[in-house]
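Read the numbers this way: they start at 1 and go in the same order the structure lists the ligands and their atoms. For the numbers below, each heavy atom of this structure counts, side chains included, while hydrogens, waters and symmetry mates do not.
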Amino acid sequence: MPASRLLLSPPALAGGELDSLRATLESGWVAPAGPAPAAFEAALAEVTGFPSVLATTSGTAALHLGYRVLGVAPGDEVWAPTLTFVATVAPAVQMGAVPRFLDATGPGGTLDPGLLAEELARAARRGRLPRAVVPVDLYGQCCDLDGIVAACEPWGVPVLSDSAAAMGSRGRGGQHAGRGARLAAFSFNGNKIVTTGGGGALAGDDPALIARARALAGQAREPAAHYQHETTGYAYGLSSVLAAVGLAQLPSLAERVARRRAIFAAYAEGLGDLPGLSFLAEPNWGRSNRWLSVVLIEPAAFGADREAVRRALDAAGVETRPAWKPLHLQPAFRDAPLVGGEVAAVLFERGLCLPSGSAMTAADQARVIEVVRSCARR
Ligand SMILES: *Cc1c(COP(=O)(O)O)cnc(C)c1O
């Protein structure tokens with residue numbers, strides 16, 4: 001029996017966290033204000049290339065603020081790929097918006113700009129364009145953001161990129177994930193490639209939009225000596241304590257991307273010869289951070305289905321997770337309008353996320369490969 005359970009994507013410390021925390025605590029600034037959040041935001045601007053960044057309590061909070069500043073109102077449609085995490089659309093739904101889910105026919109299972117362009121033209125004919133389009137960088141793999149932005153431009157529909165899992169990923173032209181969208185949301189949850197222990201960021205080109213999000217994140221207080229509110233906001237500012245952790249993590253981002261890409265390469269090397277097993281494709285442009293390595297198992301050729309492989313790994317002490325269950329198949333969204341969905345459903349049926357943590361050892365990985373190989377038809 002293996003000594004310890006191998007987790008999917010546990011947080012990994014960079015080494016400087018304690019010093020960074022001590023400096024922040026000793027400075028007396030522990031609120032969601034002060035030098036640490038500001039320094040974290042500046043570091044994020046540097047890494048992503050976005051001039052304006054707001055650090056938030058989570059990626060979901062960043063998405064919520066994005067929806068707010070884009071003016072999402074009850075009855076508005078917001079469009080997202082169906083193959084994603086619930087948080088992509090949850091805040092918009094809670095605001096009374098109607099999600100419309102599009103299939104995963106684009107590069108690497110992401111939103112397809114061609115399909116989007118067709119559907120936008122159709123929506124314009126219906127006289128009901130979406131308030132926002134929200135593409136997702138799937139498991140860190142950049143969507144074709146240039147194509148998506150180009151599809152939205154003629155209709156004046158803003159793009160809010162859910163780049164929550166894509167810190168350190170590069171899209172076309174070497175641009176950071178999310179770059180080119182009106183707004184992009186990032187996550188520093190414990191399972192992401194770099195973490196604050198829980199946090200996120202909203203980034204954009206327009207300083208006025210981010211300033212608006214910043215005001216909303218701080219309870220929408222108007223500049224007055226007393227508490228004055230023209231609208232209501234949220235308590236979404238990232239604490240200085242957590243920003244200090246993020247500041248210690250961020251310098252290791254490039255190393256972590258290299259590490260996760262090496263983990264993917266080792267899976268490809270160790271499993272790539274098996275019939276019926278393939279990997280979520282990386283398009284020939286861009287460079288994924290390979291947040292999670294995803295294998296696709298075609299049961300007839302492989303000799304076992306994804307669930308059998310998942311159970312075998314679980315019994316061997318290895319945590320895995322099926323690919324996102326498409327949102328159009330979730331009871332919570334049973335009434336949401338849908339475009340296609342068959343490709344996403346197959347990716348869910350066949351997709352399995354393998355352990356991909358930055359601190360995983362070669363021996364850990366050999367164990368995973370051995371169990372997967374033992375499931376294959378021989
Ligand atoms: C992690 C994640 C989120 C949510 O981020 P939190 O910081 O956990 O709120 C949203 N979308 C995607 C695609 C994610 O992977």
Name the atoms and distances for all side-chain donor-acceptor pairs under 3.5 Å in residues 321-330, with sequence neighbours left out.
| residue | atom | partner | partner atom | Å |
| --- | --- | --- | --- | --- |
| His328 | ND1 | Thr82 | OG1 | 2.8 |
| Gln330 | NE2 | Lys325 | O | 3.2 |

Would you list the atom pairs, donor with acceptor, under 3.5 Å between side chains in residues 271-280 and any protein atom, with sequence neighbours excluded?
| residue | atom | partner | partner atom | Å |
| --- | --- | --- | --- | --- |
| Asp273 | OD1 | Arg373 | NH1 | 2.8 |
| Asp273 | OD2 | Arg373 | NH2 | 2.8 |

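Put simply, the residue from Leu44, Thr57, Ile193 that forms a side chain to side chain contact (heavy atoms under 4.5 Å, CB included) with Phe188 is Leu44. Under the side chain to side chain contact (heavy atoms under 4.5 Å, CB included) rule, Leu63 has a single partner from Val89, Leu160, Thr56, which is Leu160.
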Mind listing the N or O contacts between ligand 1 and protein, cut-off under 3.5 Å?
| residue | atom | partner | partner atom | Å |
| --- | --- | --- | --- | --- |
| ligand 1 | 5 (O) | Ser187 | OG | 3.3 |
| ligand 1 | 7 (O) | Gly59 | N | 2.7 |
| ligand 1 | 7 (O) | Ser187 | OG | 2.6 |
| ligand 1 | 9 (O) | Gly59 | N | 3.3 |
| ligand 1 | 9 (O) | Thr60 | N | 2.8 |
| ligand 1 | 9 (O) | Thr60 | OG1 | 2.5 |
| ligand 1 | 11 (N) | Asp162 | OD1 | 3.3 |
| ligand 1 | 11 (N) | Asp162 | OD2 | 2.8 |
| ligand 1 | 15 (O) | Lys192 | NZ | 3.1 |

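In this structure, Arg306 forms a cation-pi arrangement with Phe348, its terminal cationic atom sitting closer than 6.0 Å to the ring centre and no more than 45° off the ring axis.
By the side-chain contact (heavy atoms from CB on, under 4.5 Å) test, Ser187 is found to be paired with Ala164, Asn189, Lys192, residues two or more places apart in sequence or in another chain being considered.
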